[in-house]
Amino acid sequence: MAEFSRRSFVSTLPLGLAGASLIGGAPTTALAAAQAATGAPVSVTPLAQIRIGRFTVTALTDGYADMPFDYFPGRDAAEVEKAATAQFTARPSGVRFLFNQYLIEDGQRRILIDAGAAGSIGQTGQLPQALSALGLRLDQIDAVIVTHLHQDHMGGLIAGGKNNFPKAELYIDRRDVAHWTDPAKRSGAPDFLQPSFKMAEEVVRLYPKLQAIDGEREISPGVSIVDLTGHTPGHIGVRVEDGGQSLIMVSDMIFPVVHPAATDVFFLFEQDREAAKAMRDRFFPMAASEGALIAATHMPFPGLGRVVADRGQMRWQVADWALQT
């Protein structure tokens with residue numbers, strides 16, 4: 001397995017805010033007027049932007065789901081619920097998971113990281129609305145990088161049984177494509193993984209120009225793949241770097257409540273727990289030592305933070321990223 005390079009962890013100064021939409025979007029008076037006109041609460045699409053050199057990176061979200069407390073092998077449900085309650089992420093039905101996506105723009109290309117669950121899990125399907133809030137249609141996305149082939153990362157590609165990003169190049173690690181389209185592996189998989197196998201077959205069918213990539217490589221100048229295999233056989237991250245700044249999108253390397261404090265706690269969907277633990281054992285200390293700015297799919301929106309060492313224990317530190325110009 002290719003090792004991720006220490007150069008991927010360059011401290012950054014994240015900049016900017018997407019209008020006022022991170023904490024409420026339109027001015028209160030405009031929201032009140034809209035609510036009065038429709039007679040219903042107005043939903044505001046959350047958006048948040050940072051600058052990494054010449055790149056603008058926008059955090060989007062497809063929605064959320066609450067994962068049962070017994071979905072975290074390595075700890076019993078009562079322990080997970082207690083920890084989630086202490087961190088204010090507990091809901092009656094489990095731990096609140098966000099489904100964050102990230103749009104990378106440099107004035108030349110628009111690259112989307114993951115496509116969301118698109119209604120296949122929880123309260124999801126909001127990614128098209130989020131892009132629309134930026135004035136973008138799905139057919140204006142130039143490339144989509146799928147970090148792995150679990151349903152909550154690829155559902156938006158094929159929602160409605162069609163190719164929803166018709167002009168986009170699609171990049172997925174070859175190992176994940178092989179795993180999730182293998183009939184033998186599908187036949188032996190538990191029921192909760194069957195939607196991912198079915199969706200993976202649809203992705204391959206509907207995206208004939210899919211590029212099954214091998215290992216770490218540059219997708220576009222300043223945008224490159226990081227090998228984070230473990231969560232799935234071809235789980236990858238995406239590094240964006242320019243002008244001495246960098247951001248690494250780690251997808252499902254980090255889950256709420258349990259990470260990064262422990263690496264012996266897993267998520268139900270991980271088939272190779274030994275490999276997942278080994279990758280986290282390497283990644284978390286390196287991220288902490290370098291102060292890496294990280295984007296994590298399932299952490300509270302916008303999913304930006306750092307792994308820090310605190311009195312001998314790793315913890316997640318939300319990035320103080322807004323209004324840093």
Side-chain angles (χ1 to χ4, degrees), residues 1-2 62 65-77 80 93-95 97 99 114-122 124 144-159 161 163 170-208 210-215 225 227-237 250-256 258-259 262-283 297-298:
M1 182 193 73
D62 191 51
D66 297 335
M67 299 299 174
F69 298 115
D70 60 359
Y71 271 29
F72 301 86
R75 296 291 185 274
D76 64 42
V80 174
S93 54
V95 179
F97 270 34
F99 298 100
D114 288 332
S120 67
I121 301 175
T124 57
V144 180
I145 302 172
V146 179
T147 58
H148 61 291
L149 288 173
H150 279 157
Q151 67 186 93
D152 55 313
H153 296 260
M154 63 172 155
L157 294 174
I158 56 170
N163 179 329
L170 182 62
Y171 298 92
I172 308 173
D173 189 280
R174 188 178 304 278
R175 295 165 297 181
D176 247 40
V177 175
H179 178 90
W180 295 101
T181 58
D182 185 331
K185 288 185 169 57
R186 179 175 183 175
S187 66
D191 289 345
F192 60 81
L193 288 178
Q194 292 301 322
S196 295
F197 280 98
K198 181 180 179 181
M199 286 184 179
E201 290 185 351
E202 283 293 283
V203 168
V204 171
R205 181 179 70 84
L206 292 171
Y207 289 82
L210 184 157
Q211 298 188 46
I213 57 177
D214 294 299
I225 299 301
D227 187 359
L228 299 177
T229 186
H231 178 70
T232 68
H235 182 254
I236 57 175
V250 301
S251 190
D252 288 12
M253 174 66 67
I254 297 177
F255 287 109
V258 297
H259 297 146
T263 59
D264 62 342
V265 187
F266 310 97
F267 188 63
L268 183 66
F269 282 52
E270 292 176 327
Q271 296 95 63
D272 191 339
R273 296 176 187 173
E274 183 177 344
K277 182 180 186 303
M279 178 55 74
R280 291 183 178 115
D281 282 337
R282 291 193 295 273
F283 181 88
T297 299
H298 299 300

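Bear in mind the structure is a predicted one, so any value in this text is a computation, not a measurement.
The aromatic rings of Tyr71 and Phe269 sit tilted, their planes meeting at an angle between 30° and 60°.
Looking at Glu270, its side chain never comes within 3.5 Å of a backbone N or O of Gly230 through a donor-acceptor pair. Proximity of a side-chain donor or acceptor of Gln151 to a complementary backbone N or O of Leu149 within less than 3.5 Å is not detected. For the pair Tyr171 (side chain) and Ile225 (backbone), a donor-acceptor distance under 3.5 Å is absent. Under the 3.5 Å distance criterion, the side-chain polar atoms of His148 are left unmatched by any main-chain donor or acceptor of Thr229. The backbone N or O of Ala117 lies less than 3.5 Å from a partner atom in the side chain of Asp62, making a donor-acceptor pair. In this structure, Asn163 contributes its side chain and Leu206 its backbone to a donor-acceptor pair below 3.5 Å. In terms of modelled atom types and a separation under 3.5 Å, the side chain of Gln194 and the main chain of Arg186 share a donor-acceptor contact. The main-chain N or O of Asp214 is never found under 3.5 Å from a side-chain atom of Arg174 such that the two would form a donor-acceptor pair. Using modelled atom types, one side-chain atom of Arg280 and one backbone atom of Met253 make a donor-acceptor pair closer than 3.5 Å.
Between Arg205 and Glu202 there is a salt bridge, with a side-chain nitrogen of the basic residue lying less than 4.0 Å from a carboxylate oxygen of the acidic one. A salt bridge links Arg75 with Asp264: at least one charged nitrogen is closer than 4.0 Å to a carboxylate oxygen.
Proximity of Val177 to Leu210: side-chain heavy atoms (C-beta onward) are separated by under 4.5 Å at one or more points. Using a 4.5 Å heavy-atom threshold, the side chains of Arg175 and Asp227 count as touching. Residues Thr147 and Asp252 fail the side-chain proximity criterion, which asks for heavy atoms closer than 4.5 Å.
Closest of all the heavy-atom pairs between Gln271 and Leu193 is NE2-CD1, 3.5 Å. Nearest heavy atom pair, residue Pro183 against residue Thr181, reads CD-O, 3.3 Å. Here the closest heavy-atom approach between residue Leu157 and residue Tyr207 is recorded as O-OH, 2.7 Å. Of all heavy-atom pairs between Val146 and Met154, the closest is CG1-CB, 4.4 Å. Closest of all the heavy-atom pairs between Ile236 and Ser251 is O-CB, 4.1 Å. Heavy-atom minimum distance, Pro73 versus Phe267: CD-C, 3.9 Å.
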Inset, instruction - Walk me through it: do Phe266 and Phe72 pass the test ring-ring contact (aromatic ring centres under 6.0 Å, His included)? - result: CA-CA 5 Å; Phe266 310 97; Phe72 301 86; over 10 Å; no
Legend entry - Test log, rule side chain to side chain contact (heavy atoms under 4.5 Å, CB included), inputs Met279 and His235: CA-CA 11 Å; Met279 178 55 74; His235 182 254; over 6 Å; no
Inset, instruction - Show your working on side chain to side chain contact (heavy atoms under 4.5 Å, CB included) between Trp180 and Met199 and close with a plain yes or no. - result: CA-CA 9 Å; Trp180 295 101; Met199 286 184 179; over 6 Å; no
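The line from CZ of Phe99 to OG1 of Thr124 is 6.5 Å long, rounded to the nearest 0.5 Å. In this structure, the separation between NE2 on His179 and CG on Asp173 is 12.5 Å, given to the nearest 0.5 Å.
Under the 6.0 Å cut-off for aromatic ring centres, Phe97 and Phe255 qualify, their centroids lying closer than that.
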